[in-house]
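In what follows, a structure is listed as structure tokens, so that the remarks can point back to it.
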Amino acid sequence: MRYDKHIANLEKRHSETNIGKDEALFPSTIRKINQTYNKNQQKRRVDAILNNVRNKDSIKEEVHEIISDVKLKTLCYNCSEEQIIAIIILYVQRTRNPKYRIDRTRLWKEYEITWLKYSLIMERLLRFTREKTPVKIKQVERFDDPIIRR
């Protein structure tokens with residue numbers, strides 16, 4: 001317990017992102033630092049948009065899980081990341097409450113979401129999840145009945 005402050009100071013001084021003056025880094029280290037930074041920025045963006053939603057705590061984990069699995073720009077190339085995140089939030093809310101009117105929400109109006117954008121992103125998200133999870137194919141029985149065979 002005596003060395004807690006000292007250990008915390010050493011961890012801070014020698015952390016991955018604390019780079020000394022005139023210190024050179026490998027390109028792989030720089031890439032790793034940038035990836036970590038971008039992931040954290042994306043989480044902050046999601047949290048900022050979730051702050052405008054009621055019952056954000058109940059859907060927060062599910063939204064973060066969906067967004068961490070998918071590269072957002074592959075869902076809609078011409079949409080902003082904020083629009084895509086808002087659509088995913090609306091989708092999760094709609095799955096929780098089928099009577100939820102997503103086109104009457106503040107997120108819908110604030111991020112200028114249309115039904116075309118919503119359906120495009122949902123279709124691509126569905127395609128991604130179907131590619132990720134294998135589909136079970138039911139075995140078809142072969143009939144050796146002479147009537148069926150030609």
Side-chain angles (χ1 to χ4, degrees), residues 8 11-145 147-150:
E11 286 176 345
K12 184 178 176 184
R13 187 183 320 158
H14 299 291
S15 71
E16 184 178 79
T17 56
N18 192 8
I19 302 164
K21 186 177 180 182
D22 298 330
E23 184 177 354
L25 296 175
F26 289 111
S28 60
T29 307
I30 294 171
R31 200 174 314 114
K32 185 178 176 186
I33 291 170
N34 288 337
Q35 286 174 350
T36 305
Y37 174 77
N38 290 335
K39 283 181 186 177
N40 289 338
Q41 285 297 100
Q42 192 174 48
K43 286 180 184 179
R44 286 189 194 103
R45 260 187 246 118
V46 172
D47 289 338
I49 295 172
L50 274 169
N51 284 334
N52 299 330
V53 177
R54 291 184 193 158
N55 301 329
K56 65 180 177 184
D57 296 329
S58 64
I59 65 170
K60 185 176 183 176
E61 284 183 38
E62 190 174 351
V63 171
H64 277 291
E65 184 179 326
I66 291 171
I67 290 175
S68 66
D69 289 346
V70 179
K71 192 171 182 181
L72 293 181
K73 278 303 198 177
T74 60
L75 296 177
C76 180
Y77 299 107
N78 295 327
C79 302
S80 67
E81 284 192 357
E82 288 81 10
Q83 282 179 325
I84 298 170
I85 293 167
I87 288 173
I88 291 172
I89 291 169
L90 291 171
Y91 165 72
V92 171
Q93 286 182 325
R94 178 68 186 231
T95 56
R96 298 275 173 99
N97 181 8
K99 295 180 181 179
Y100 186 71
R101 300 289 306 259
I102 59 175
D103 56 343
R104 294 183 179 175
T105 60
R106 184 173 149 198
L107 283 180
W108 186 273
K109 295 170 188 159
E110 186 176 335
Y111 292 102
E112 300 173 357
I113 298 169
T114 62
W115 282 110
L116 183 64
K117 288 179 185 177
Y118 183 84
S119 62
L120 175 75
I121 291 172
M122 287 299 107
E123 182 254 332
R124 288 184 178 163
L125 188 62
L126 177 64
R127 184 184 313 147
F128 175 78
T129 54
R130 294 222 31 208
E131 288 172 357
K132 187 178 173 186
T133 57
V135 178
K136 294 180 182 178
I137 300 173
K138 194 174 183 179
Q139 292 291 331
V140 179
E141 294 181 23
R142 296 194 71 184
F143 294 105
D144 290 331
D145 192 11
I147 298 172
I148 296 174
R149 207 177 340 145
R150 288 190 180 197

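Both backbone and side-chain heavy atoms feed into the values below; hydrogens, waters and symmetry mates do not. Residues: numbered from 1 along the sequence shown.
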* Asked: Do any N or O atoms from the side chain of Trp108 and from the backbone of Ile113 form a donor-acceptor pair under 3.5 angstrom?
  ->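 Yes.
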
* **Any donor-acceptor N/O pair, Arg130 side chain to Leu125 backbone, under 3.5 Å** =>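 Such a contact is absent between Arg130 side chain and Leu125 backbone.
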
Working to the nearest 0.5 Å, report the span between [atom1] of [X] and [atom2] of [Y].
X      : Y      : atom1 : atom2 : result
Ile33  : Asn38  : CD1   : CG    : 12.0 Å
Leu75  : Glu123 : CG    : CD    : 10.0 Å
Glu62  : Ile88  : CD    : CD1   : 10.5 Å
Leu107 : Ile85  : CG    : CD1   : 11.0 Å
Glu131 : Leu126 : CD    : CG    : 10.0 Å
Gln42  : Ser68  : CD    : OG    : 8.5 Å

* Step through the shown structure and confirm whether more than 12 heavy atoms of other residues, nucleotides or ligands are within 6.0 Å of OH on Tyr91. =>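 No - once you tally the heavy atoms of other residues, nucleotides and ligands closer than 6.0 Å, there are 12 at most.
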
* **Steps toward salt bridge (Lys or Arg N to Asp or Glu O under 4.0 Å) verdict (Lys117, Glu112)** => CA-CA 10 Å; Lys117 288 179 185 177; Glu112 300 173 357; 5.8 Å; no

* Just do the side chain to side chain contact (heavy atoms under 4.5 Å, CB included) check on Leu90 and Gln93 with the steps written out, would you? => CA-CA 5 Å; Leu90 291 171; Gln93 286 182 325; 3.9 Å; yes

* To do: Mind checking side chain to side chain contact (heavy atoms under 4.5 Å, CB included) for Arg54 and listing every partner two or more places apart, or none if nothing turns up?
  =>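 Per chain and number, Arg54 pairs via side chain to side chain contact (heavy atoms under 4.5 Å, CB included) with no residue.
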
* Can you name the residues that form a side chain to side chain contact (heavy atoms under 4.5 Å, CB included) with Glu65, not counting sequence neighbours? ->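 Partners of Glu65 by the side chain to side chain contact (heavy atoms under 4.5 Å, CB included) criterion, ordered by chain and then number, come out as Asp69.
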
Over all heavy atoms of both residues, which pair between [X] and [Y] is shortest? Give the atoms and the distance, please.
X     : Y      : answer
Val92 : Thr95  : O-OG1, 2.6 Å
Ile84 : Leu72  : CD1-O, 3.2 Å
Arg94 : Tyr100 : NH1-O, 2.9 Å

* **Derivation and outcome, side chain to side chain contact (heavy atoms under 4.5 Å, CB included), residues Gln41 and Tyr37** => CA-CA 6 Å; Gln41 285 297 100; Tyr37 174 77; 3.7 Å; yes

* Take His64 and Asp47, measure what side chain to side chain contact (heavy atoms under 4.5 Å, CB included) needs, and give me the verdict at the end. => CA-CA 9 Å; His64 277 291; Asp47 289 338; 2.9 Å; yes

* Asked: Under the side chain to side chain contact (heavy atoms under 4.5 Å, CB included) criterion, do Ile87 and Met122 qualify, and how do the steps go?
  -> CA-CA 8 Å; Ile87 288 173; Met122 287 299 107; 3.8 Å; yes

* **Sequence neighbours excluded - side-chain hydrogen bond (donor to acceptor under 3.5 Å, both in side chains) pairs with any residue from residues 70-90** =>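 Only Arg45-Glu81 qualify under side-chain hydrogen bond (donor to acceptor under 3.5 Å, both in side chains).
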
* According to the disulfide (SG to SG under 2.5 Å) rule, which pairs have a member within residues 19-50, sequence neighbours left out? ->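 Disulfide (SG to SG under 2.5 Å) check on residues 19-50 returns no pairs.
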
* Asked: Pairs in or reaching into residues 71-117: which pass disulfide (SG to SG under 2.5 Å), with residues at least two apart or in two chains?
  ->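 Output for this query lists Cys76-Cys79.
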
* To do: Applying salt bridge (Lys or Arg N to Asp or Glu O under 4.0 Å), name anything that partners Lys32, two or more places apart in sequence or on another chain.
  =>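 Here the qualifying residues are Glu16.
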
* Asked: Is Lys109 salt-bridged to Asp103, going by a charged N under 4.0 Å from an acidic O?
  ->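 Looking at Asp103 together with Lys109, the answer is no, because their closest N to O distance does not fall below 4.0 Å.
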
* Side-chain heavy-atom pair Trp115, Ile102 within 4.5 angstrom cut-off ->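 When only atoms from C-beta onward are counted, Ile102 and Trp115 do touch, with a gap below 4.5 Å.
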
